[in-house]
Amino acid sequence: MPFDPPYRPRRTLRSAADLVAAGLVPPEAAADLARVADRYAVAVPPALADLIDPADPADPIRRQVVPSAAELEAAPGELVDPIGDEAYSPVKGVVHRYPDRVLLKPVLVCPLYCRFCFRRETVGGADGGLSVEELEAALAYIAGQQGVREVVLTGGDPLMLPPPRLAALIERLCRLPQIELVRVHSRVPVAEPNRVTPAQAQALRAPDGSEAAVWLAVHVNHPRELSPAVRRGLALLADAGVPLLSQTVLLKGVNADAAVLDSLFRALVRNRVRPYYLHHPDLAPGTAHFRPTLAEGRAIMRDLRGRLTGIAQPTYVLDIPGGAGKVPVGPEYLDEAAGTVTDWQGRVHRYE
Ligand SMILES: *Cc1c(COP(=O)(O)O)cnc(C)c1O
Ligand code: SF4
């Protein structure tokens, strides 16, 4: 990989017709996929299209970004707002669930649209994000929250902002006296590595005189996403002093396999990215074909414990449907009631 022309599109594919023209889906699938695209935004940027093997229908990159008719099927329990953002939104663009942290969503566009996206009902639509006035209202809310120490910029993808706007926003947040940390969650370093520039890395720095820190969490799900261009971008950010984390969604047919995750997490630490969270997929509509069971996820985590450096082990988390927040979902090693602890090989030891 990458694969050769005639295929290789040079612009982002945004419709079923674009995908057919690029040879990524057969013409007979176009009508169904056009219905999916009417419902949920589609975007496959060139950097990711290049990584797809057009001959492999089960390609793990394809599965993440090319729509499928399975998205039209609703499964029991799926929710339009799976993690309860709306119920915890005091002002447009802000989600305030925990006392010390708030989410701020300045834009609702992404460089690509993940087919399993937990915010698929809100991203990529007519509402592109906050107007100037709405952003001011959101910042005024945050400024008034004395207990908030961290602002998580998410969306959508905040790195879709031009670097000067991103820098101005981060500077405003870092100048709030109570803010210690600004965290940016983004898929741009993987989806559009060309956007990772020295200007963007500079924007991801706290302004002079501020004691706050800015961290970047990169959304990455498969080792093949770490192409040479992506690795160069990560090196640029790390060299510029931006602390890097990753977050990964556990996905059936993509990475719900200990060998794939082992290779992903090892590649991330080699690229100076610390695996942070492995998310169990949320109950987003039309995503049942991506969801493994919690038992499968826990078995994979148990397997990784014995074969992977601790630096490369993320926490496996579930965002509780309805908005109660994220919690680790194991596996557990300690059984307090029984007075035992299980080691990485599954042997049980007494521990009083
Ligand atoms: C996920 C999330 C956070 C960040 O949680 P961490 O566990 O600190 O990564 C903060 N606020 C909201 C509303 C969230 O959904
Ligand atoms: S990058 Fe995040 S917000 Fe955007 S489509 Fe993917 S999961 Fe959704």
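Numbering of ligands and ligand atoms starts at 1, following listing order.
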Query raised in the report: Any donor and acceptor pair, going by atom type alone, linking the side chain of Glu225 with main-chain N or O of His222 inside 3.5 Å?
Result: yes
Query raised in the report: Considering residues, nucleotides and ligands other than Tyr98, do more than 12 of their heavy atoms fall under 6.0 Å from its OH?
Result: yes
Query raised in the report: Is the Lys NZ or Arg CZ of Arg63 less than 6.0 Å from the centre of Phe290's six-membered ring, within 45° of the axis?
Result: yes
Query - Gly310 backbone acceptor or donor facing Gln313 side chain under 3.5 Å - result: no
Query raised in the report: Can you check whether Val269's main-chain N or O pairs, donor with acceptor, with Arg274's side chain at less than 3.5 Å?
Result: no
Ligand 1: protein N/O within less than 3.5 Å of ligand N/O:
from     : atom 1 : to     : atom 2 : distance (Å)
ligand 1 : 7 (O)  : Arg101 : NH1    : 3.4
ligand 1 : 7 (O)  : Tyr277 : OH     : 2.5
ligand 1 : 8 (O)  : Arg101 : NH1    : 2.7
ligand 1 : 8 (O)  : Arg183 : NH2    : 2.9
ligand 1 : 9 (O)  : Arg183 : NH1    : 2.8
ligand 1 : 9 (O)  : Arg183 : NH2    : 3.2
ligand 1 : 9 (O)  : Tyr276 : OH     : 2.6
ligand 1 : 15 (O) : Arg97  : NH2    : 3.3
ligand 1 : 15 (O) : Lys326 : NZ     : 3.0

Report task. Please confirm whether the backbone N or O of Ile61 pairs with a side-chain atom of Asp59, one donor and one acceptor, at under 3.5 Å? Result -> yes
Query raised in the report: Would you say Gln345 has more than 12 foreign heavy atoms packed within less than 6.0 Å of its CD?
Result: yes
**Report entry** Check: Asn255 side chain, Leu261 main-chain N or O, donor-acceptor pair, under 3.5 Å
**Finding:** no
**Report entry** Residue and atom names of protein N/O/S atoms that fall under 2.8 Å from atom 4 (Fe) of ligand 2
**Finding:** Cys110 SG
Query raised in the report: Ignoring hydrogens and geometry, is there a side-chain-to-backbone donor-acceptor pair from Arg231 to Leu226 under 3.5 Å?
Result: yes
